[in-house]
Amino acid sequence: MAANNRRMSGKKGAQVGSGGQRRRGLEGKGPTPPAEMRKGHAKQRAAQAKTRRAQGRTTQRRGGRSASELVVGRNPVVEALRGGVPASTLYVQQFIDNDERVREALQLAADRGGINLMEAPRPELDRMTNGLNHQGLVLQVPPYEYAHPEDLVAAAHDEGEDPLIVALDGVTDPRNLGAVVRSVSAFGGHGVLVPERRAAGMTAGAWKTSAGTAARTPVARATNLTRALEAYKKAGVLVVGLAADGEAELGDVEALDGPVVIVVGSEGKGLSRLVGETCDVRARIPMPGGAESLNAGVAAGIVLYEAARRRS
């Protein structure tokens, strides 16, 4: 009998009390979720792929942002504020000698509005500026928000105009960039394109040289200038490069009448090889005076004037 009990106790079966598992198993789980929300469903995978593609397009459309910048010293700070350089914070050293430049800087910042005034001890300003001679004044310039290269063409089309764009190849002086931005604004252009690397960016110096026109003339930044120019060509924009040995004289280039991007190289090296090969036309500016080359700001201004004259 004892053996029989042992055999019975070894049988599998329901134990005393199920903890409500059976009852819960009989309960409904609510309405069936849409296919896009069901894990592993083909429609969910398709929706996720669509979202990733949209995010990818958003990322590609961004032109990027520069790093914030510090303008250091009494004269540079005053000149930046006079020139309308964007600023977020003006740092003033505690117990600073209150001379005319300090008073002007404080007045300009107060008049403009939107600039935080911060008092800081000298050691803190020394740390911020890595020991530069800040003279008790430090101006923080916020990061510049670059446009995407496609935005320049889109802006022209939105205005019902043929795109007129200037691209800079190897131009590293921010003052030249600022001068080009100013000329583009003056002659009705739609923006400036610069490479992401080995090129001048929209620093405080560029802003100052642009004389405020950078606030209304977009600057786009391209990861690869050659690819950006090729994309412009596919969009129907002709690429005209300026070169001292160009095969056409500027006055004979008919492309300036229509959608065009003018590529300006550095004063010393000119256009890089790949960019030069990408151009539809390489044009030269006649210089009877015998100068070997012009800086980027002057060269761009001459071509933009010619383009604006033909379009008027």
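Using modelled atom types, no side-chain atom of Arg311 and backbone atom of Glu161 make a donor-acceptor pair closer than 3.5 Å. Of the possible polar contacts, none joining the Gln93 side chain to the Gln135 backbone as a donor-acceptor pair under 3.5 Å is found. Side-chain N or O atoms of Tyr146 include none that pairs as donor or acceptor with a backbone N or O of Val194 at under 3.5 Å. In this structure, the side chain of Ser210 engages the main chain of Trp207 through a donor-acceptor pair within 3.5 Å. Under a 3.5 Å cut-off, the side chain of His190 and the backbone N or O of Ile165 do not form any donor-acceptor pair.
Each salt bridge (Lys or Arg N to Asp or Glu O under 4.0 Å) pair with one or both residues in residues 199-208, not counting sequence neighbours, would appear here, but there are none. Under the salt bridge (Lys or Arg N to Asp or Glu O under 4.0 Å) criterion, no residue pair touches residues 106-121, with sequence neighbours excluded. Note on residues 295-307: pairs passing salt bridge (Lys or Arg N to Asp or Glu O under 4.0 Å), not counting sequence neighbours, are Glu306-Arg309, Glu306-Arg310.
Among residues two or more places apart in sequence or in another chain, the side-chain hydrogen bond (donor to acceptor under 3.5 Å, both in side chains) test is passed with Asp252 by none. Shown here are the side-chain contact (heavy atoms from CB on, under 4.5 Å) partners of Asp97, two or more places apart in sequence or in another chain: Arg74. In this view, Arg175 and Asp173, Thr209 satisfy the side-chain contact (heavy atoms from CB on, under 4.5 Å) rule, not counting sequence neighbours. Looking at residues two or more places apart in sequence or on another chain, you find a side-chain hydrogen bond (donor to acceptor under 3.5 Å, both in side chains) between Glu124 and Arg127. Residues that satisfy the side-chain contact (heavy atoms from CB on, under 4.5 Å) test with Ala248, not counting sequence neighbours, are Val253, Val281. Under the side-chain hydrogen bond (donor to acceptor under 3.5 Å, both in side chains) criterion, Gln94 pairs with no residue at all, not counting sequence neighbours. Applying the side-chain hydrogen bond (donor to acceptor under 3.5 Å, both in side chains) criterion to Asp169, with sequence neighbours excluded, gives Ser272. Looking at residues two or more places apart in sequence or on another chain, you find a side-chain contact (heavy atoms from CB on, under 4.5 Å) between Arg227 and Asn224, Glu230.
Closest approach of Val184 and Gly191 over heavy atoms only: CG1-N, 3.7 Å. In this structure, Ala255 and Val260 approach most closely via the heavy-atom pair O-CB, 3.8 Å. The two residues Val71 and Val77 have their closest heavy-atom pair at O-CG2, 3.5 Å. The shortest non-hydrogen separation linking Ser183 to Gly297 is OG-O, 4.3 Å. When all heavy atoms are compared, the tightest approach of Arg216 to Ser185 is NE-OG, 3.4 Å. Taking each heavy atom of Asp162 and Ala156 in turn, the nearest pair found is C-CB, 4.2 Å.
Under a hydrophobic clustering in which Ile, Leu, Val, Met, Phe, Trp and Tyr are joined whenever their side-chain heavy atoms come within less than 4.5 Å, directly or via other members, Val138 and Val92 fall into different clusters. Hydrophobic clustering (ILVMFWY, side-chain heavy atoms < 4.5 Å, transitive): Met118 and Leu132 are in one cluster. Hydrophobic clustering (side-chain heavy atoms under 4.5 Å, transitive across Ile, Leu, Val, Met, Phe, Trp, Tyr) groups Leu139 together with Val102. Under the 4.5 Å side-chain heavy-atom criterion for ILVMFWY residues, a single connected hydrophobic cluster contains both Ile262 and Leu294. Leu193 and Met202 are not part of a single hydrophobic cluster, where members link through side-chain heavy atoms under 4.5 Å apart.
In this structure, Glu100 places its CD atom where only 12 or fewer heavy-atom neighbours from other residues, nucleotides or ligands lie under 6.0 Å away. Sparse packing is recorded around CD of Glu254, with 12 or fewer heavy atoms of other residues, nucleotides or ligands lying under 6.0 Å away. For Arg282, the CZ atom sits in a packed shell: over 12 heavy atoms of surrounding residues, nucleotides or ligands are nearer than 6.0 Å.
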Pair Leu256, Leu250 - check side-chain contact (heavy atoms from CB on, under 4.5 Å), show working.
CA-CA 9 Å; Leu256 297 178; Leu250 180 62; 3.8 Å; yes
Hey, mind stepping through Thr223 and Arg197 against side-chain contact (heavy atoms from CB on, under 4.5 Å) and telling me if it holds?
CA-CA 8 Å; Thr223 304; Arg197 298 180 181 179; over 6 Å; no
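Separating the CD atom in Gln107 from the CG atom in Leu81 is a distance of 11.5 Å, to the nearest 0.5 Å. Rounded to the nearest 0.5 angstrom, Gln140 CD and Ile115 CD1 are separated by 11.5 Å. A distance of 10.0 Å separates CD1 in Ile302 from CZ in Phe187, rounded to the nearest 0.5 Å. With rounding to the nearest 0.5 angstrom, the CZ atom of Arg101 is 10.5 Å from the CD atom of Glu104. Taking CZ from Arg198 and OG from Ser266, the interatomic distance works out to 12.5 Å, rounded to the nearest 0.5 Å. The OG1 atom of Thr129 sits 12.0 Å away from the CG atom of Leu137 when rounded to the nearest 0.5 Å.
Counting heavy atoms from C-beta outward, Leu271 and Cys279 have side chains that approach closer than 4.5 Å. Here the side chains of Val261 and Pro163 are not in contact, with every heavy-atom distance at 4.5 Å or above.
Applying side-chain contact (heavy atoms from CB on, under 4.5 Å) to Leu177 and the options Leu168, Thr203, Val171 leaves one that passes, Leu168.
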All N/O donor-acceptor pairs, side-chain side in residues 231-243, below 3.5 Å, sequence neighbours left out:
unit_1	atom_1	unit_2	atom_2	d
Tyr232	OH	Pro149	O	2.8
Lys233	NZ	Thr278	O	2.8

